K.L.:
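One structure is given below, represented as structure tokens, and several questions about it will come after.
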Amino acid sequence: MRVAIAGAGNVGRSIAAELVGNGHEVMLIERSPKMLRPERVPAAEWILADACELASLEESNVASCDVVVAATGDDKVNLVVSLLAKTEFAVPRVVARVNRAENEWLFTEQWGVDVSVSKPRLMAALVEEAVTVGDLVRLMTFRQGEANLVEITLPPTAPYVGLPVRNVPLPRDSALVAILRGRRVLVPTPDDPLEAGDELIFVCTAEVEDAVRAVILGPEAAGRRVQH
């Protein structure tokens, strides 16, 4: 992939280094001369420009990119970059960093954002995932909220503990994608039995989260507040 990253701070450079290491072509766009540090990610293309200016994005040939990442520390800048990338250059995938949790509601498809990454929300979700047993925890949202990555840690009282995955009647628009068991990551097959303490990872729509919870934990669990 060809990826443009707006913002060459610690976050932008870290993303760039990871993507370059995975064999992708990366362009870092930074407006502050003092932040230009090509020696930090020498394999990336570095451009001194303001990613909020249409002319700068044109000169950088952002239209040729498969992905644009708005990774600055300013939410207003990230929204403008996302909107320009999507509406002016038709970039297929736009990922935006959310710095302040109260601004998260703005990072939608109306602003050109395909995926928003909120560090406060992600950290809160990871904390809840680590300590919550017997409820559904939403870890991440995809496709403007159309699908979520959720986790349930099975208590010993869950109705399908000891039974194979094939016996679990999951609702439509939901899929069990992984079972975390101790230090192991299992790709579930129909014959795999569920065990107390298993962390079940699902992809599902928001509309069926309650139904997934009710199936996995029992009908009395339906309607509980989703842990974010």
Side-chain angles (χ1 to χ4, degrees), residues 1-22 24-32 35-37 40-41 44-127 129 137-150 203 205-206 226 228:
M1 294 188 300
R2 176 170 167 80
V3 182
I5 301 173
N10 290 332
V11 173
R13 293 197 306 269
S14 295
I15 296 170
E18 188 75 19
L19 291 172
V20 166
N22 290 336
H24 301 295
E25 181 182 347
V26 177
M27 173 175 61
L28 277 161
I29 304 173
E30 174 56 54
R31 66 182 178 182
S32 173
M35 296 298 292
L36 285 181
R37 300 175 181 175
R40 297 289 183 91
V41 192
E45 178 184 0
W46 289 72
I47 294 178
L48 178 63
D50 188 343
C52 288
E53 294 182 357
L54 193 61
S56 297
L57 296 179
E58 289 177 344
E59 292 175 7
S60 303
N61 196 20
V62 165
S64 69
C65 293
D66 303 291
V67 182
V68 163
V69 181
T72 79
D74 188 323
D75 285 343
K76 296 187 295 295
V77 170
N78 291 343
L79 285 170
V80 171
V81 171
S82 298
L83 186 63
L84 291 176
K86 184 64 72 174
T87 59
E88 298 295 331
F89 300 98
V91 175
R93 192 76 163 166
V94 176
V95 179
R97 171 188 176 187
V98 184
N99 296 279
R100 299 179 65 86
E102 61 266 29
N103 295 331
E104 188 173 2
W105 66 277
L106 289 166
F107 286 74
T108 65
E109 60 183 343
Q110 283 73 30
W111 278 94
V113 178
D114 293 304
V115 178
S116 62
V117 181
S118 170
K119 293 172 70 177
R121 177 179 291 271
L122 181 58
M123 290 180 70
L126 291 173
V127 168
E129 183 271 334
V137 177
R138 187 181 297 161
L139 300 177
M140 191 172 292
T141 297
F142 306 105
R143 298 181 58 82
Q144 301 89 42
E146 294 176 13
N148 297 319
L149 186 71
V150 303
V203 174
T205 61
V226 174
H228 294 278

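Numbers for residues simply follow the sequence, beginning at 1. This is a predicted model, so every value here is computed, not measured.
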K.L.:
Can I get a per-line list of side-chain donor-acceptor pairs under 3.5 Å for residues 67-81, giving both atom names and the distance, sequence neighbours left out?
P.N.:
{"residue": "T72", "atom": "OG1", "partner": "D74", "partner atom": "N", "Å": "3.2"}
{"residue": "T72", "atom": "OG1", "partner": "D74", "partner atom": "O", "Å": "3.1"}
{"residue": "T72", "atom": "OG1", "partner": "N78", "partner atom": "OD1", "Å": "2.7"}
{"residue": "D74", "atom": "OD1", "partner": "K76", "partner atom": "N", "Å": "2.9"}
{"residue": "D74", "atom": "OD1", "partner": "V77", "partner atom": "N", "Å": "3.4"}
{"residue": "D75", "atom": "OD1", "partner": "N99", "partner atom": "N", "Å": "2.7"}
{"residue": "D75", "atom": "OD1", "partner": "N99", "partner atom": "ND2", "Å": "2.8"}
{"residue": "D75", "atom": "OD2", "partner": "R100", "partner atom": "N", "Å": "3.1"}
{"residue": "D75", "atom": "OD2", "partner": "N103", "partner atom": "ND2", "Å": "2.8"}
{"residue": "N78", "atom": "OD1", "partner": "T72", "partner atom": "N", "Å": "3.0"}
{"residue": "N78", "atom": "ND2", "partner": "T72", "partner atom": "O", "Å": "3.0"}
{"residue": "N78", "atom": "ND2", "partner": "R97", "partner atom": "O", "Å": "2.9"}

K.L.:
Heavy atoms, side chains only, cut-off 4.5 Å: are V62 and E88 in contact?
P.N.:
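Contact flag for V62/E88 side chains = no.
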
K.L.:
Can you name the closest pair of heavy atoms from D114 and R93 and give their distance?
P.N.:
OD2-CA, 3.3 Å

K.L.:
Could you tell me if the side chain of V113 sits less than 4.5 Å from the side chain of K86, heavy atoms only?
P.N.:
no

K.L.:
According to side-chain contact (heavy atoms from CB on, under 4.5 Å), who are the partners of E18, at least two apart in sequence or on a separate chain?
P.N.:
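E18 satisfies side-chain contact (heavy atoms from CB on, under 4.5 Å) with N22 only.
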
K.L.:
Which residues satisfy the side-chain contact (heavy atoms from CB on, under 4.5 Å) test with L36, sequence neighbours excluded?
P.N.:
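In terms of side-chain contact (heavy atoms from CB on, under 4.5 Å), with neighbours along the sequence ignored, L36 is linked to E30, W46, L48.
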
K.L.:
State which residues pass side-chain contact (heavy atoms from CB on, under 4.5 Å) with E59; sequence neighbours excluded, sorted by chain then number.
P.N.:
none

K.L.:
Work out which heavy atom in L106 is nearest to a heavy atom in W111; give both atom names and the distance.
P.N.:
O-CD1, 3.1 Å

K.L.:
Using the test side-chain contact (heavy atoms from CB on, under 4.5 Å), find all partners of T87 that sit at least two apart in sequence or belong to another chain.
P.N.:
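Residues passing side-chain contact (heavy atoms from CB on, under 4.5 Å) with T87: L83.
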
K.L.:
Under the side-chain hydrogen bond (donor to acceptor under 3.5 Å, both in side chains) rule, collect the residues that match up with R31, sequence neighbours excluded.
P.N.:
none

K.L.:
Which residues satisfy the side-chain hydrogen bond (donor to acceptor under 3.5 Å, both in side chains) test with E25, sequence neighbours excluded?
P.N.:
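E25: side-chain hydrogen bond (donor to acceptor under 3.5 Å, both in side chains) contacts with R2.
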
K.L.:
Are the side chains of V26 and I15 in touch, meaning some heavy atoms are under 4.5 Å apart?
P.N.:
no

K.L.:
Would you confirm whether D50, through its side chain, and C52, through its main-chain N or O, come within 3.5 Å as a donor-acceptor pair?
P.N.:
yes

K.L.:
Could you list the residues that satisfy side-chain hydrogen bond (donor to acceptor under 3.5 Å, both in side chains) with N61, not counting sequence neighbours?
P.N.:
S64

K.L.:
If you look at every heavy atom in I29 and A51, which pair is closest and at what distance?
P.N.:
CG2-CB, 4.0 Å

K.L.:
Give the minimum heavy-atom separation between M27 and I47, together with the two atoms involved.
P.N.:
SD-CD1, 3.2 Å

K.L.:
Heavy atoms, side chains only, cut-off 4.5 Å: are F107 and V94 in contact?
P.N.:
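They are not in contact (no side-chain heavy atoms under 4.5 Å apart), so the answer is no.
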
K.L.:
Please find the pair of heavy atoms, one from L28 and one from G12, that lie closest to each other, and give the distance.
P.N.:
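Shortest heavy-atom contact: CD2-O, 3.9 Å.
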
